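Sharing a structure, written as structure tokens. Questions coming.
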Amino acid sequence: MLPCLNFDIQVEIMKRLPVKSLIRFRSVCKAWKSLIDSSRFVAGHNVSHDQSEHLMVCYEVEYGEESKIKYVSFVDDDSDSFPQNKFSPPVPPILLSLDEYEIIGSSCGLVCLEGSLQEPDGSSKTHMVVLWNPSIRKSIAVVVPNEVQSRCYPFVNFGVCPKTKDPKLVKFSSGQEVMVFTLSSGKWRCLSSNLLPFKPLLFDIEENLQTVIGRFLYRLTDGGEASRMLSFDLSTDEFREVPLPDSLVQSHLGISKLRESLVLIDHNGRDSTTGIYVCDVWMMMEDGALTKLFTIKDIQWIWGFKKTGEPVVEILEDENSTSLVVYEPCLEHMKDLGIGEKGHLFNGSFNTESLLLLDHDDGRVITSSCEELNHGIHRD
Amino acid sequence: MSKKTLTLMSKDKQLFNIEEHLAVQSVTIRNMVKEDGASSVIPLPRVDSETLALVIEYLNRQQAPEEDEDYVKKFVDERGEIPTLLELAQAALDLDIKKLMDAACMKVADLIKDFTLEEVREALRIENDRTPEEEKAIRDEFQWAF
């Protein structure tokens, strides 16, 4: 009989297993369960190798008078099989009790959704954010303090600090106050609005305008006359303005990422020969310069990019319906994901897999109030 | 000036020669060379001769840096038997050859990811230290994954 395998090697192998295998392999032996469940392992998992990505799509299916929200997650596995490899995670119960919710963004395996909870007596609404890890089927809800009546959400942005793996929420309010929530503390904390490089007066509520790359959360805002871009450092809580070129500030912009680069989508581009509106897709280089990736016609919105670089695009089928396709820029070819005919598309986002929330009770609601305002000079 | 050669000795006392500049890709060997100027023979009492032959083959590769990632992947792919890979991973861990250790563990993870619990225990020589009732309780926390 061979001797037992060195535990260090077992750990190295575990670090490289996909999430679903780890969830099953908690039952292998006691040592494996305590390692997989440890917060250190949860935070460190999947940092050392290629992560599998998913495209989570939220859509609504109508059954006569009734309608039902569904989710489907496509595995972005580099192969030609996309979009065949998919699964439908069950919707967290807490989401079913919210109305008008939508996906804010995703980061590190968590999908962040925002909506409101109607009190049973109909008197008031509670503004809520749900953090959901579809790979391990766990979710928790966070109550967003005050400004319940405001229709101006989503004001909340979301990202996971890549160093600490601590999920963070950033809330902007009309009073120019900025609040930050960290899951590790379970508390909201005020930052001084003096930390903002400019006053973001308005936020476009129509589209998903955030993306997380590394430790930075990027947010497009409508800073009054023109579009401006804000970055938030998830590890230091610092805001910066990322300058946009003059040619784009008046445009109807979208934001996304391709692998680890920021992508700007200009919906107001004009074809130089025909004058027809087109959508120009720009990638921002490290020095801030923009490179045009391609131009695409007749689309509604770009939802994100596959690892191989093709965008997943929403196109208009007819007056009432849209469908989701993978666009191949070189061939100008579109491949249907087959969701459009099933129902009305909402939104979605690309995400990786992680074990985050494994150490939290499923369905927990965090209702903590805000800490004292201390004008941004916060010492932990 | 001729290149300096080191001699490595496996658990079963077999000797292997390797040029020093290739051997020091192993951080462990590099530190030994630094410390005592690498005396005649470096004993590796935990690595058997079959595994050491593989490690030497890997260290002797002549790859351009940009092809190296693909090479190490292919290298472990061609030795796709779990027991061999585990020996290789253990040797790479002891000798601190990160890329080889990464690739060997990645390959094992890939091979076992869809295994049943019993198959994992057998492949990795792990003893089940729970009663069937205890095991069921743990499974039931994530019943959907099974």
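Note: hydrogens, waters and symmetry copies are ignored here, and every other heavy atom, side chains too, is used. No experiment lies behind these values; they were computed from the predicted model shown. In what follows, chains carry the letters A, B, and so on, assigned in the order in which the sequence lines appear, proteins first and then strands, with residues in each chain numbered from 1.
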Which one, Leu117(B), Thr116(B), Asn128(B), leads in non-hydrogen pairs under 4.5 Å with chain A?
->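 The answer is Leu117(B).
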Measure distances from Ile126(B) to the heavy atoms of chain A and classify the residue's part below 4.5 Å as side chain, backbone, both or neither.
->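 Only the side chain of Ile126(B) comes within 4.5 Å of chain A.
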Pi-cation contact, Trp32(A) with Arg26(A) (under 6.0 Å, within 45°) =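 The answer is no, since Arg26(A) fails at least one limit relative to Trp32(A).
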Flag this pair as yes if the NZ/CZ of Lys306(A) is under 6.0 angstrom from the six-membered ring centre of Phe82(A) and inside a 45 degree cone about the axis; otherwise no.
->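 Geometry flag: set, cation within 6.0 Å and 45°.
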Using a cut-off of under 4.5 Å on heavy-atom pairs, state which of Met14(A), Arg24(A), Gln10(A), Lys20(A) scores highest against chain B.
->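 Most pairs with chain B among the choices: Arg24(A).
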Most chain A-contacting option - heavy-atom pairs closer than 4.5 Å, from Glu141(B), Lys113(B), Arg139(B), Glu134(B) |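 Counting heavy-atom pairs under 4.5 Å, the top option is Lys113(B).
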Hey, which of Trp144(B), Phe115(B), Phe146(B), Phe142(B) has the most heavy atom pairs under 4.5 Å with chain A?
->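 Among the listed options, the one with the most contacts to chain A is Trp144(B).
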State yes or no: are the ring centers of Tyr71(A) and Trp132(A) separated by less than 6.0 Å?
->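 Centroid distance Tyr71(A)-Trp132(A): below 6.0 Å, so yes.
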Between Glu78(B) and Lys74(B), does a salt bridge (charged side-chain N to carboxylate O under 4.0 Å, His left out) hold up when you go through it step by step?
-> CA-CA 6 Å; Glu78(B) 284 166 2; Lys74(B) 203 166 149 241; 3.8 Å; yes
Could you tell me which portion of Glu118(B) (side chain, backbone, both or neither) has an atom closer than 4.5 angstrom to a non-hydrogen atom of chain A?
->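 Contact with chain A involves no heavy atom of Glu118(B) at all.
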Once you round to the nearest 0.5 Å, how far does CD1 of Ile103(A) lie from OG of Ser349(A)?
->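 Result: 5.0 Å between the selected atoms.
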